[in-house]
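Okay, structure first, notes after.
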Amino acid sequence: MNISKLPLAEFQAVILAGPGTNLSPLTRHYVRGHGLEEPVPKSLLPIGNKEMLNYPLAWLDAAGVSDVIIVCPTSHRSLISHFVYSSAEFPALRINIQTIDDEESMGTADVLREIGSSIQSDFIILPCDFIPPAKLTLSSILDAHRMDADGPILTSLLYERGEISKDGPPPLLIGLEEKTRTLMHIPVEESGDDVNLRMSMLWKAPSVRFTTRYLESHVYVFRRTVLDLLAERTDLSSIKEELVPWLCRTQYRIAAKR
């Protein structure tokens, strides 16, 4: 897989391959690789006889997104490199593996700041454990992002949740302007039964509908300018919990000023 410099792509992709501490003890087992004993990366755990990382790579490849950055802990680099560069399954992909030494204490937005110089175009963020349904193509998401007349700074992939159970994720109350498919509100953090709404949002989108029908997939399409905003807002650490809610609020604050 060649990572030599090529003309600027329309989209780059960033796969977040974190340490997988939530999957312990699976990731605490040790395997021998290159003469060393190393922790098993979460991204290489098998799912359906394939490494977890295979699924997002195949999704990107099918959409023609060939410029891919994989972000992982330094301790996982050698095994992920061996998987990526010994595979003949994705010859069209140009994969750049970048490591973050302090990833456990960094939020996902912090990671974007750290690797920002490597992102030169609009970009897709997705986790290494994202396994898309067979009928969901990345091309359809990118087309929706391209064709939106408002030129969105963010496109977020939501999915319909199943039955609510005590062991599943808690309900997520989001505000959607369904006619334009605009995400108007997403909570900064869990706030119990209290919902704080701004009048400026209701003025901009009076037909906004609030629902707990959806959950976030942690798949996002961002414009490159988001990295400039992150450079200014160093207090934003998490994509899901801080950056996305802040971008939602920004759109109707700007409208209110006008």
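The residues of the chain are indexed from 1 along the displayed sequence. Both backbone and side-chain heavy atoms feed into the values below; hydrogens, waters and symmetry mates do not.
In terms of heavy-atom proximity, W59 sits nearest to L136 at NE1-O, 2.9 Å. Of all the heavy atoms in S66 and A92, the pair that sits closest is CB-O, 3.3 Å. Scanning all heavy atoms of the two residues, the minimum distance from R113 to A231 falls at NE-N, 4.5 Å. Closest approach of P56 and M52 over heavy atoms only: CD-O, 3.2 Å. Residue T99 comes nearest to P73 through the heavy atom pair CG2-O, 4.1 Å, listed as atom of the first residue, atom of the second, then distance.
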>> With side chain to side chain contact (heavy atoms under 4.5 Å, CB included) as the criterion, how do L243 and V226 come out once you've worked through the C-alpha distance, each side chain's angles and the decisive distance to 0.1 Å?
In response: CA-CA 9 Å; L243 175 60; V226 163; 4.0 Å; yes
>> Applying side chain to side chain contact (heavy atoms under 4.5 Å, CB included) to L227 and F222, what does each step give before you reach the verdict?
In response: CA-CA 9 Å; L227 296 176; F222 284 111; over 6 Å; no
> Passes side chain to side chain contact (heavy atoms under 4.5 Å, CB included), L112 versus I119? Steps please.
Replying inline: CA-CA 9 Å; L112 279 184; I119 302 174; 4.2 Å; yes
>> Quick one, L60 with I15, criterion side chain to side chain contact (heavy atoms under 4.5 Å, CB included). Give me CA distance, side-chain angles, the key distance, then yes/no.
In response: CA-CA 10 Å; L60 294 167; I15 299 177; 3.9 Å; yes
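Side chain of Y214 to main chain of L172: no donor-acceptor pair is present (N/O by atom type, distance under 3.5 Å, no hydrogens or angles). Between the side chain of Q12 and the main chain of S121, a donor-acceptor pair closer than 3.5 Å is present. Judged by distance alone, with hydrogens and angles left aside, the side-chain atoms of T250 form a donor-acceptor pair with the main-chain N or O of W246 at under 3.5 Å. The closest donor-acceptor contact from the side chain of R77 to the backbone of I97 lies under 3.5 Å.
Remark: E10 engages R146 in a salt bridge, criterion side-chain N to carboxylate O under 4.0 Å.
Within the 4.5 Å cutoff, the side chain of L57 has heavy atoms near those of the F83 side chain. Residues K240 and T108 form no side-chain contact, since every pair of their non-hydrogen atoms from C-beta on lies 4.5 Å or further apart. Side-chain atoms of L16 and C128, non-hydrogen and from C-beta on, never get closer than 4.5 Å to each other. Side-chain atoms of L53 and I70, non-hydrogen and from C-beta on, do get closer than 4.5 Å to each other. Put simply, the side chain of L236 does not reach to within 4.5 Å of the side chain of L229, judged on heavy atoms. Looking at heavy atoms from C-beta onward, L126 lies out of side-chain contact with L138 at the 4.5 angstrom threshold. Two residues are said to be in side-chain contact when any heavy atoms from C-beta on lie closer than 4.5 Å; I239 and V111 fail this criterion.
No option in V71, D67, I69 other than I69 meets the side-chain contact (heavy atoms from CB on, under 4.5 Å) test with S118.
From D110, atom CG reaches atom CG of L230 across 9.0 Å, with rounding to the nearest 0.5 Å. Separation of atoms CG (L44) and NE2 (H82) is listed at 10.0 Å; rounding is to 0.5 Å. With rounding to the nearest 0.5 angstrom, the CZ atom of R213 is 10.0 Å from the CD1 atom of I174. The line from OG of S117 to CD of Q98 is 7.0 Å long, rounded to the nearest 0.5 Å. Within the model, atoms CD of E89 and NZ of K50 stand 5.5 Å from one another, a figure rounded to the nearest 0.5 Å. Summarising the geometry, atom CD1 belonging to I125 is positioned 9.5 Å from atom OH belonging to Y220; distances are rounded to the nearest 0.5 Å.
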Indicate every side-chain donor-acceptor pair of residues 151-159 with a distance under 3.5 Å to a residue at least two apart or in another chain.
| from | atom 1 | to | atom 2 | distance (Å) |
| --- | --- | --- | --- | --- |
| T155 | OG1 | H145 | ND1 | 2.6 |

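Residues meeting the side chain to side chain contact (heavy atoms under 4.5 Å, CB included) test with I131, sequence neighbours left out: I47, Y55.
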